[in-house]
Amino acid sequence: MHGVAAVIQNRIVIAAKARCPACDAEFAISCVITEDKKVHRVLLPGWLLRWWLSTARTEAPRTRSRDWQYEEEAQRAPEPPRSPSVDRDSATLSPEALGQFDGEPIPAWISVDGTTLHFVRTAPKGIHEPLRPGEVLFNDRLIYSAAQRPA
């Protein structure tokens with residue numbers, strides 16, 4: 001797959017071309033992923049969306065990530081230290097499953113020591129992404145946070 005992707009107004013906009021490995025057919029992908037993790041189709045022609053994304057990215061100010069931080073993070077009080085990893089035996093699981101990952105259900109929330117943590121994202125085995133403040137790793141594959149609320 002090749003194309004252009006950009007974060008614009010807290011949304012991920014993607015314009016790309018992909019090729020099916022089974023039949024070798026090429027197809028276009030044009031979509032917007034919103035903060036609530038919903039994917040929406042874009043009705044603009046692919047060439048126009050790719051052009052718009054390439055110009056939108058070049059007009060953005062060039063800054064280094066360490067030069068800025070979100071105001072919300074700057075004003076938030078530091079959270080108490082928490083164990084970064086939780087296993088199934090030390091948590092109460094939601095009866096509602098959001099889906100499956102690696103053949104196992106993804107509980108909508110877990111409760112640890114009286115704190116309810118909501119599902120944020122997956123952590124595939126072998127990829128060790130650092131946890132953000134307030135996040136915990138559940139069963140070495142699912143990341144939950146007290147700050148995240150279901151949509």
Non-hydrogen atoms of [X] and [Y] that approach each other most closely:
X: Leu48; Y: Leu44; answer: CD2-CD2, 3.8 Å
X: Pro105; Y: Leu142; answer: O-CD1, 4.4 Å
X: Trp109; Y: Pro95; answer: CZ2-CD, 4.2 Å
X: Val86; Y: Ala91; answer: CG1-CB, 3.9 Å
X: Ser90; Y: Val112; answer: O-CG1, 4.2 Å

In Å and rounded to the nearest 0.5 Å, what is the [atom1] to [atom2] distance from [X] to [Y]?
X: Leu117; Y: Ser111; atom1: CG; atom2: OG; value: 7.5 Å
X: Ile106; Y: Phe119; atom1: CD1; atom2: CZ; value: 4.5 Å
X: Ile12; Y: Asn10; atom1: CD1; atom2: CG; value: 10.0 Å

Dump the intermediate steps for side chain to side chain contact (heavy atoms under 4.5 Å, CB included) on His118 and Val120, then the final yes or no. CA-CA 6 Å; His118 298 274; Val120 179; 5.9 Å; no
Using modelled atom types and a 3.5 Å cut-off, is there a donor and acceptor pairing between side-chain atoms of [X] and backbone atoms of [Y]?
X: Asn139; Y: Arg88; result: yes
X: Lys38; Y: Val32; result: no
X: Arg141; Y: Phe101; result: yes

Any non-hydrogen side-chain atom of Ile143 less than 4.5 Å from a side-chain atom of Phe138? no
In sequence, state the C-alpha distance, the side-chain angles, and the governing distance for Arg11 and His40, and then conclude on side chain to side chain contact (heavy atoms under 4.5 Å, CB included). CA-CA 11 Å; Arg11 294 173 177 87; His40 303 274; over 6 Å; no
Please tell me whether Leu49 and Leu43 are part of a single hydrophobic cluster in this structure, the criterion being side-chain heavy atoms less than 4.5 Å apart. no
Do Ile14 and Val39 land in one hydrophobic cluster if side-chain heavy atoms of ILVMFWY residues count as linked below 4.5 Å? yes
Residues Ser145, Glu135; criterion side chain to side chain contact (heavy atoms under 4.5 Å, CB included); working and verdict: CA-CA 4 Å; Ser145 173; Glu135 291 183 342; 3.9 Å; yes
Between Tyr144 and Leu131, does the side chain to side chain contact (heavy atoms under 4.5 Å, CB included) criterion hold? Intermediate values first, please. CA-CA 10 Å; Tyr144 287 79; Leu131 297 177; over 6 Å; no
Applying side-chain hydrogen bond (donor to acceptor under 3.5 Å, both in side chains) to Thr115 and Asp113, what does each step give before you reach the verdict? CA-CA 6 Å; Thr115 302; Asp113 299 330; over 6 Å; no
Using the side chain to side chain donor-acceptor pair (under 3.5 Å) criterion, which residues pair with Ser30? Sequence neighbours excluded. none
Taking side chain to side chain donor-acceptor pair (under 3.5 Å) as the test, write out the residues that go with Thr92, two or more places apart. none
Pairs in or reaching into residues 12-24: which pass side-chain hydrogen bond (donor to acceptor under 3.5 Å, both in side chains), with residues at least two apart or in two chains? Arg19-Glu26
